[in-house]
Amino acid sequence: MDVNFKMDKPVERSLLDTTNQNIISRPLDRIEGPLKVSGRAKYSAEFKLPNMAHGVLVGAAIGKGRVKEIDVKSVEALPGVLMVVTDTEKFLRNPAQGMDTEAPKQGVTSIDYFGQPIALVVAETFEAARNAANALSVTYEDAEGRFDFDARIDTAKPKKDSEKNQGDVDDAMRSAHANVDAKWTTPSQSSAAMEPHASLAHWEGQKLVLYGSYQMLSSNRLQLADAMGLDPEDVRILAHYVGGGFGAKLGIGPESVAAAVAAKDLGRPVRVVMTRQQVFEATVRRSNTVQHLQLAADAEGRLTGVSHETITGNLEGEDFSEPASAATQFLYSGANRRFGNEIVLMDQVLAGSMRAPGEAVGMLALEGAMDELAELLDVDPVELRKRNIPERHPTSDLPFSSRSLAECLEIGARDFGWSKRKSAPASTLEGEWWIGHGMATAARSNMLIKSSARVTLQPDGRALVETDMTDIGTGTYTILAQIAAELLGLPIDAVDIHLGDTNFPPASGSGGSFGAASAGTSVYLACEKLRQTIAEKLGGEVEDLVLSDGMARMGNTSEPLSELIAEPLEATATVEPGETGKAFVQAGFGAHFAEVAVHAHTGEVRVRRMEGTFAAGRILNEKTAISQCFGGMVFGIGTALTEDMMHDHRYGHIVNRDLAEYHLPVNADVPQLKVKFLEERDHAANPLLAKGIGELGISGAGAAIANAIYNACGVRVRDYPITLDKLIDHLPDPKGL
Amino acid sequence: MKAFDYQRADSAQAAAAMAANAQGVRFIAGGTNLLDLMKLEIERPETVIDISRLPLDAIEDTEDGGLRIGALVTNSDLAADARVRRDYEVLARALLSGASGQLRNKATTGGNLLQRTRCFYFYNRAMPCNKREPGSGCAALEGRNRIHAILGGSEHCIATHPSDMAVAMMALGASVEIQSPDGKTKTLALSELYRLPGDTPHLETELEQGDLITGVVLPAPVGGRQIYRKVRDRASYAFALVSVAAVIGLEDGKIGSAQLAFGGLAPMPWRNSDLEDALIGQTPSPELWGRAADILLADAKGHGENDFKIALARRTLAHVLDAACGGEK
Ligand SMILES: Cc1cc2nc3c(=O)[nH]c(=O)nc-3n(C[C@H](O)[C@H](O)[C@H](O)COP(=O)(O)OP(=O)(O)OC[C@H]3O[C@@H](n4cnc5c(N)ncnc54)[C@H](O)[C@@H]3O)c2cc1C
Ligand code: SF4
């Protein structure tokens with residue numbers, strides 16, 4: 001029984017609003033939580049296959065040039081060493097980008113960035129392999145590298161089709177009552193997921209089985225098959241649990257192909273786990289950006305012009321460029337508009353999608369500029385934003401599918417106590433700390449991606465959900481179980497969720513905040529189909545069917561599902577994006593409010609409290625959704641204050657490539673966070689009426705902190721992260737201290 | 001990690017003697033620094049002598065009213081000791097500002113003193129680094145040197161010593177007890193334990209082959225206000241950009257005694273007696289703090305990204321002195 005559904009018109013009524021199992025939206029604990037905290041949830045690197053060997057990647061020790069020779073003999077005699085794989089043709093030059101359906105660039109004789117994997121040393125133990133990888137003697141031919149972004153910025157070339165022009169921004173700027181015209185810079189960032197990339201490959205005849213730590217298995221399978229010259233049918237990828245991805249695991253990484261090649265050559269399973277340093281050097285980074293923002297406004301504080309132009313870096317042959325103006329294009333009104341991206345070719349590790357590509361750093365600039373404009377106009381920052389919420393998309397004139405932005409701003413401001421804020425900077429000194437408050441809008445586009453799932457009702461009354469969807473720590477297992485339990489009228493522990501295996505129907509994967517809505521819809525559709533079958537069995541209309549607590553009721557008859565079903569009942573459903581994706585602007589919205597303290601002498605910044613109010617359609621599980629927003633806000637703290645992947649301009653390498661020196665926020669940096677969701681339904685998004693949430697919490701979060709820093713001490717820093725060295729020379733004199 | 005011989009010593013004398021003649025030998029205590037460096041093969045010992053079971057984990061009173069801290073006392077235990085908290089508050093605070101709870105449970109007093117720099121280039125074997133590979137050059141001098149030294153460096157190395165504990169001990173006038181391989185013991189003032197890099201940055205201390213640190217002795221407490229102020233890039237779990245350990249005694253509104261040491265600024269915990277002399281007998285004032293900073297920073301040299309440390313050290317010193325002399329703490 002297959003269902004195919006295309007999201008061509010708004011869904012008037014969601015089944016989830018008609019059922020009464022009372023499971024959907026509830027803040028249930030993660031169903032796989034006990035497995036995780038007791039170490040029974042197995043991650044890719046934890047699988048052990050009989051006769052397994054261990055591989056360690058060798059990264060290039062130069063930033064640009066060629067490999068002249070790899071002296072395999074230099075390590076062959078070391079104890080435990082089995083082989084050195086130098087498949088210069090097949091090895092990946094860089095990881096695949098998310099959703100690619102082909103292999104990324106392969107071939108590693110030429111070196112395009114420091115740390116680019118060039119060989120794999122395989123040994124009986126991990127320790128022996130690591131030692132041999134360190135000892136492997138490689139000779140290089142050095143070439144001049146393109147390592148200095150600032151020095152090369154004039155060589156930036158427009159990204160194809162990124163330019164958008166409407167009206168005349170320059171004219172709007174000239175005739176504005178007030179305008180902001182400034183540049184913001186953001187550094188490279190690393191996803192730094194807790195679980196490093198890992199692959200365990202083994203061959204079953206001509207078929208490749210890979211335990212890999214990836215986010216999007218069905219496209220990962222295509223990438224891997226293409227890279228290995230295999231039919232996709234002959235590749236199986238498993239990823240039952242993934243320890244965070246944040247974009248870095250959207251596409252296959254170098255360790256997958258290396259493990260597959262080695263396993264083939266050796267005739268044994270081979271496991272390759274990247275080191276933390278390799279994750280920094282040879283997976284994916286968020287590009288550094290230079291963003292030029294121009295805002296023009298009239299005397300009433302209405303925007304007349306908006307321009308957001310971005311320069312990023314990337315490897316030759318890659319056209320990804322952080323779409324920093326993604327939300328700027330629809331968030332605020334203004335008749336004259338200009339957007340564009342330019343790319344500087346760099347010999348640096350691949351730039352790709354990291355959590356909220358675009359909004360995560362674009363909103364830092366836009367919302368900083370809005371704060372500056374509010375000050376120039378002497379309008380409250382919340383009010384300025386409300387005044388500029390456009391009726392429809394400012395360029396395409398399309399309607400918004402759902403948008404509770406004004407409500408988020410109002411309720412967020414009220415809950416936070418925004419009205420007590422002093423608008424003049426450096427007005428409040430508490431002890432040695434300047435205290436300030438700042439806010440920013442949150443916005444992140446919503447998407448639906450093709451996704452399939454199979455749901456089987458078993459004769460024992462249990463349901464089984466199968467899809468190659470992944471749970472990268474976000475709560476997918478739990479929300480899919482909630483959807484199935486709600487629609488099939490089952491207690492949640494009567495639902496089994498099997499994810500992360502390409503033998504199951506292909507799903508959207510986890511990325512772009514579309515996973516819950518896309519995979520969730522496929523489960524919804526399959527359950528809807530099963531409901532119909534049950535209704536038929538009971539000889540009635542599905543509208544009259546009530547499923548709850550394992551019972552099926554129709555009129556006066558009531559029967560346990562387990563008695564009704566003799567053979568397993570199966571339905572496979574696929575959802576595809578359709579016309580509503582084109583007819584509406586779809587996005588999640590919210591508002592961030594932050595209180596910070598800036599030390600009057602040392603410039604240290606501490607976030608004292610932070611509140612986010614969001615609306616993202618139906619919330620499928622309040623607890624996991626709040627956790628997603630917490631995570632996003634913590635990302636925002638890191639972005640605002642500490643995270644900076646430092647490149648060396650002479651050697652091209654990443655200087656701070658471990659978690660001691662790449663500073664993510666630690667617990668002490670994160671105050672009590674508060675998250676509130678407003679009730680909302682999005683009928684154009686999907687039949688769940690839900691929108692994505694994983695990336696909404698980060699969008700704008702850092703800007704609220706930057707704006708609060710300005711309010712605290714009167715120093716405007718447009719160069720992220722806002723470390724104390726950027727503040728100390730400008731701090732006001734704390735009179736009275 | 002390179003394969004190595006593992007040996008376990010059953011006394012301090014034996015440990016020193018075992019280490020006297022072996023090639024590329026290292027003691028291992030908590031292992032929190034050594035093992036990381038061995039995995040990266042920045043340290044490649046042939047022999048590792050495990051000293052972690054030696055009976056050097058006591059904190060005892062000394063005859064002249066001070067404290068002897070065994071080399072294997074963990075950072076956590078030391079910070080929690082009632083005498084330390086009462087009489088050497090600056091040390092307890094310094095310890096608790098370092099690393100994380102888990103690391104402090106393993107980290108030892110001896111290991112903390114001898115932990116190696118966190119210079120980015122020292123940690124990357126593909127980079128020139130005179131400390132790791134004498135004569136190869138110093139990649140930090142004209143590179144990313146935000147965390148590097150502004151005092152005491154040379155044109156061969158500008159790495160900082162990363163310890164917090166050692167900064168407080170330096171301010172307290174600690175000395176180090178050493179077991180030599182020849183069976184003798186010796187004592188070095190902590191200020192004499194470390195060497196400045198000069199043209200031999202790979203030589204970091206005055207210890208000789210086989211020398212084992214058995215303990216640290218603190219002189220009798222001097223009282224006064226004790227402050228450890230660590231300024232860093234995040235609220236916890238980061239090394240100091242600048243830290244100040246201060247023990248200040250006031251007499252009739254004037255500074256009676258001043259013991260100050262600085263972290264994050266130099267290749268060793270930094271103490272400057274001229275600065276202390278300039279404070280003693282003076283009335284606290286912002287001008288005095290300025291003069292003190294002038295003395296401290298007279299020879300300070302920024303290398304680009306770390307220029308800010310000069311201003312930060314000045315500000316932090318003033319702020320600490322102010323707090324120690326009655327202002328806010
Ligand atoms: C992520 C991270 C963050 C950290 N943050 C901080 C911080 O903020 N502040 C801070 O001060 N420290 C910090 N540390 C460093 C930590 O304090 C040191 O690693 C620890 O103190 C070393 O002690 P250990 O006993 O583990 O030493 P080991 O690793 O066992 O040894 C270190 C060195 O000392 C030698 N050694 C050990 N004991 C003796 C002895 N008795 N005699 C002679 N030689 C000896 C060893 O041979 C080795 O060379 C951090 C460490 C990490 C990993
Ligand atoms: S500062 Fe010292 S440790 Fe760092 S690269 Fe230079 S020589 Fe090596």
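Each chain gets a letter, A, B and so on, in the order its sequence line appears, and its residues count up from 1.
Chosen from B/A238, B/A318, B/A139, the residue pairing most often with chain A at heavy-atom distances under 4.5 Å is B/A139. Interface summary for chain B: among A/D658, A/T642, A/D648, the most heavy-atom pairs under 4.5 angstrom belong to A/D648. Heavy-atom pairs under 4.5 Å with chain B were tallied for A/H647, A/E127, A/K726; the largest tally goes to A/H647. The candidate with the highest count of non-hydrogen atom pairs below 4.5 Å against chain A, out of B/G143, B/A311, B/A3, B/S100, is B/G143. Among the candidates A/L724, A/N667, A/L78, the residue making the largest number of heavy-atom pairs closer than 4.5 Å to chain B is A/L724. Between chain B and the residues A/L731, A/N131, A/T275, A/V605, the largest count of heavy-atom pairs under 4.5 Å involves A/N131.
Among all heavy-atom pairs drawn from A/F114 and B/M127, the shortest one is CE1-CE, 3.7 Å. For A/D669 against B/A235, the heavy-atom pair with the smallest separation is OD1-N, 2.7 Å. Considering every non-hydrogen atom in both A/E604 and B/K230, the closest pair reads OE2-O, 3.8 Å. When all heavy atoms are compared, the tightest approach of A/A660 to B/R118 is CB-NH2, 4.1 Å. Pairing each heavy atom of A/V666 with each of B/S236, the nearest pair is CG2-O, 3.6 Å.
Using a 4.0 Å cut-off between a side-chain N of Lys or Arg and a carboxylate O of Asp or Glu, A/E661 and B/R144 do not qualify as a salt bridge.
Applying the 6.0 Å contact sphere to CG of A/D733 captures more than 12 heavy atoms from other residues, nucleotides or ligands. More than 12 non-hydrogen atoms from other residues, nucleotides or ligands lie less than 6.0 angstrom from NZ of B/K2.
Rounded to the nearest 0.5 Å, atoms CG (A/D729) and CG (B/D307) are 10.0 Å apart. Here B/D233 contributes atom CG and A/E643 contributes atom CD; the two are 12.5 Å apart, rounded to the nearest 0.5 Å. Between A/N134 atom CG and B/M1 atom CE the span is 10.5 Å, to the nearest 0.5 Å. The CG atom of A/L727 lies 11.0 Å from the CG atom of B/L312; values are rounded to the nearest 0.5 Å. Put simply, CD1 on A/I654 and CZ on B/F120 are 12.5 Å apart, with the number rounded to the nearest 0.5 Å.
Formation of a donor-acceptor pair under 3.5 Å by the B/R125 side chain with backbone atoms of A/A61 is not found in this model. Of the possible donor and acceptor atoms, one in the side chain of B/R315 sits under 3.5 Å from a partner among the backbone N and O of A/H601.
You'll find the side chain of B/V231 stays beyond 4.5 Å of the side chain of A/H599, heavy atoms only. Contact check for B/L241 versus A/T602: no side-chain heavy atoms found under the 4.5 Å cut-off.
Using a 4.5 Å cut-off between heavy atoms, A/E281 contacts chain B through its side chain alone, with no backbone atom that close. Using a 4.5 Å cut-off between heavy atoms, B/E142 touches chain A through backbone and side chain atoms alike. Looking at B/R232, only its backbone comes within 4.5 Å of chain A, counting heavy atoms on both sides. Of the two parts of B/P128, only the side chain, counted from C-beta on, holds a non-hydrogen atom closer than 4.5 Å to a non-hydrogen atom of chain A. In this structure, no portion of A/I637 lies under 4.5 Å from any heavy atom of chain B. Looking at B/K309, neither its backbone nor its side chain comes within 4.5 Å of chain A, counting heavy atoms on both sides.
Neither side chain, B/N124 nor A/Y651, offers a donor N or O lying under 3.5 Å from an acceptor on the other.
Centroid-to-centroid, the aromatic rings of A/H653 and B/Y121 come within less than 6.0 Å.
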